[in-house]
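In this text, all values refer to a predicted model and were calculated from it rather than measured experimentally. To find a chain, count down the sequence lines: A is the first, B the second, and so on, and within it residues start at 1.
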Protein chains: 2
Amino acid sequence: MNINIDFVNKLRISGLRPTKQRLKICEVLFNTEKTFHFTVNDLSKIISEKLNQKISLATIYNTVHAFKKKGYLKEISMNSDKTYFDTNTTHHHHFFDSSTMKLIDLSDDQVEKIKINKALPGKKISSVEILVKIENE
Amino acid sequence: MNINIDFVNKLRISGLRPTKQRLKICEVLFNTEKTFHFTVNDLSKIISEKLNQKISLATIYNTVHAFKKKGYLKEISMNSDKTYFDTNTTHHHHFFDSSTMKLIDLSDDQVEKIKINKALPGKKISSVEILVKIENE
DNA sequence: TACTTTCTTTAGAATCATTATAAACTATAA
DNA sequence: TTATAGTTTATAATGATTCTAAAGAAAGTA
């Protein structure tokens, strides 16, 4: 499996030991054409149901947080009982469909430049995220 | 107290019975100059510690949700372990200061008009919210 | 290779916000 | 005053997330 060699290197470079649990999670998250949104519960189900593997929930939480810290995942800012993560770490925004409870990417160039005309002394902007809520017409 | 007469009327108009618990919560939330942000836990503390009153947590949850449903409160979209509410129900956005974990209003006219150049068939936009994360310089 | 250290994984317990339940209570209308 | 529908409440239940402490695995060193 040469796919995994990349992941092994990436993990090592990040200071994370390439354990088989982390490699499995890498495959699920980063071995796809398209980026996607997920909750820890989603990820856990993919691993146990689709791949028939057993990785402890605690490990999945640990790994997701470690990946987020390293910048390989983004946490999405929205109010929900669950926390959503995004494998698309480029700067972009989201639609949230209240009818289906699903997130949809809204790329940066599909939004006209946002200009914030308010400065807060001693503070700098670290991110600007738009959440567009949609519903059935 | 003529303040309360207003609240009694407002509650009645909204189809909510003006109970003493709801009136007390109205006073805390709406009897101030400035709007503010709070969590259910904050509100509960204000009532028990500052006002020395006892309102069940369940009632506070019920009331806050009822007020939100009627449009007297807004829920703020951001990822946090707690849910934040806002007594400012006009259309506006937020700064979230990661250093202090506090929300700051960003009024609509302090943001240049947002244009979303992506339409989703069969869906309509119900809200557009910007969250600007800031940190110490 | 053997040993040591440090990092990881794990099951299960603990925590914390929130919601559900069901009985007691209260506002309202007739 | 009485009946009814809406409310409050304590408490239990739920569900996501974090903590714990012990067992296991990777990396570094000789």
Side-chain angles (χ1 to χ4, degrees), chain A residues 4-5 7-28 37-48 51 53-70 72-73 75-85 101 103, chain B residues 4-5 7-28 37-48 51 53-70 72-73 75-85 101 103:
Chain A
N4 275 17
I5 292 170
F7 291 140
V8 167
N9 287 334
K10 214 156 189 182
L11 287 168
R12 282 233 176 81
I13 289 163
S14 311
L16 297 171
R17 289 182 181 172
T19 63
K20 60 178 190 301
Q21 290 87 345
R22 285 179 178 156
L23 288 170
K24 181 55 64 183
I25 292 172
C26 278
E27 277 179 43
V28 174
H37 309 114
F38 67 95
T39 65
V40 165
N41 197 48
D42 294 337
L43 180 53
S44 173
K45 271 191 184 151
I46 292 169
I47 292 164
S48 67
L51 307 184
Q53 306 246 304
K54 228 174 288 167
I55 299 182
S56 160
L57 235 200
T59 300
I60 298 178
Y61 271 100
N62 287 342
T63 304
V64 164
H65 285 140
F67 286 3
K68 182 197 160 190
K69 204 166 186 178
K70 298 297 176 184
Y72 303 139
L73 289 175
E75 197 171 337
I76 299 169
S77 289
M78 59 167 296
N79 192 289
S80 161
D81 49 337
K82 290 170 195 168
T83 298
Y84 285 82
F85 291 91
M101 299 290 282
L103 284 160
Chain B
N4 276 17
I5 292 170
F7 292 140
V8 167
N9 288 333
K10 213 154 190 184
L11 287 169
R12 281 232 178 80
I13 289 164
S14 312
L16 298 171
R17 289 184 181 173
T19 64
K20 61 177 188 303
Q21 291 88 344
R22 284 177 177 158
L23 289 170
K24 182 55 65 185
I25 291 172
C26 278
E27 277 180 43
V28 175
H37 310 113
F38 67 95
T39 63
V40 165
N41 198 48
D42 295 336
L43 180 52
S44 174
K45 272 192 184 152
I46 293 168
I47 293 164
S48 67
L51 308 183
Q53 306 246 307
K54 228 174 289 169
I55 300 182
S56 160
L57 235 199
T59 301
I60 298 178
Y61 271 100
N62 287 342
T63 305
V64 163
H65 285 141
F67 287 2
K68 182 196 160 190
K69 204 168 185 175
K70 296 299 177 184
Y72 302 139
L73 287 175
E75 196 171 339
I76 299 169
S77 290
M78 59 168 293
N79 191 288
S80 161
D81 49 338
K82 290 169 192 167
T83 299
Y84 284 81
F85 292 91
M101 298 290 282
L103 284 159

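- Nucleotides of DNA chain C nearest to A:A58 and B:T39 differ in position, and the one nearer the 5' end is that of A:A58.
- The distance between atom CG of B:L43 and atom P of C:dT18, rounded to the nearest whole Å, is 12 Å.
- A donor-acceptor contact closer than 3.5 angstrom is absent between the side chains of B:S44 and B:N41.
- The backbone N or O of B:R17 sits less than 3.5 Å from a side-chain atom of B:R22, completing a donor-acceptor pair.
- Atom NZ in A:K82 sits roughly 22 Å away from atom P in C:dC16 (whole-Å rounding).
- Heavy atoms only, all atoms of each residue included: B:H37 and B:L103 are closest at ND1-O, 3.4 Å.
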Inset, instruction - I would like to know whether B:Y72 and B:S14 meet side chain to side chain donor-acceptor pair (under 3.5 Å); could you show each step before the answer? - result: CA-CA 10 Å; B:Y72 302 139; B:S14 312; 2.5 Å; yes
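- B:M78 and B:Y84 make their closest contact through SD-CD1, 4.2 Å (heavy atoms, listed as atom of the first residue, atom of the second, distance).
- Note that CG of B:L11 is 7.5 Å distant from OG1 of B:T19, once rounded to the nearest 0.5 Å.
- Rounded to whole angstrom, the span from the CG atom of B:L57 across to the P atom of D:dA12 amounts to 15 Å.
- For the OP1/OP2 pair of C:dA27 and a distance below 4.0 Å, the side-chain nitrogens and oxygens of B:R12 include no atom meeting the criterion.
- As rounded to whole Å, 18 Å separates atom P of D:dA16 from atom CG of A:N62.
- Of the residues in residues 13-21 of chain A, those lying under 4.0 Å from DNA chain C by heavy-atom distance are A:G15, A:L16, A:R17, A:T19, A:Q21.
- For the atom pair CD1 (B:I25) and CG (B:L43), the distance works out to 5.5 Å, reported to the nearest 0.5 Å.
- Put simply, NZ on A:K45 is 11 Å from P on D:dG15, counting in whole angstrom units.
- Nucleic acid contact class of B:N41 (heavy atoms, under 4.0 Å, all strands): none.
- Ranking C:dA17, D:dT9, C:dA11 by closeness to the B:S56 side chain, first place goes to D:dT9.
- Side-chain nitrogen and oxygen atoms of A:Y61 include at least one within less than 4.0 Å of the OP1 or OP2 phosphate oxygen of D:dT17.
- Remark: B:H65 is in phosphate contact with C:dT19, judged by side-chain N or O atoms under 4.0 Å from OP1 or OP2.
- In this structure, CG of B:L11 is placed 15 Å from C1' of D:dT8, rounded to the nearest angstrom.
- Protein atom CD1 of A:I55 is 15 Å distant from nucleotide atom P of C:dT8, rounded to whole Å.
- Atom P of nucleotide C:dT18 and atom CZ of B:F38 are separated by 11 Å, given to the nearest angstrom.
- A close approach under 4.0 Å does not occur between any side-chain nitrogen or oxygen of A:T83 and OP1 or OP2 of D:dA16.
- Nearest to the side-chain atoms of A:V40 among the listed nucleotides D:dT17, C:dA20, C:dT18 stands D:dT17.
- At C:dA27, none of the side-chain N or O atoms of B:R22 fall inside 4.0 Å of OP1 or OP2 (strictly under the cut-off).
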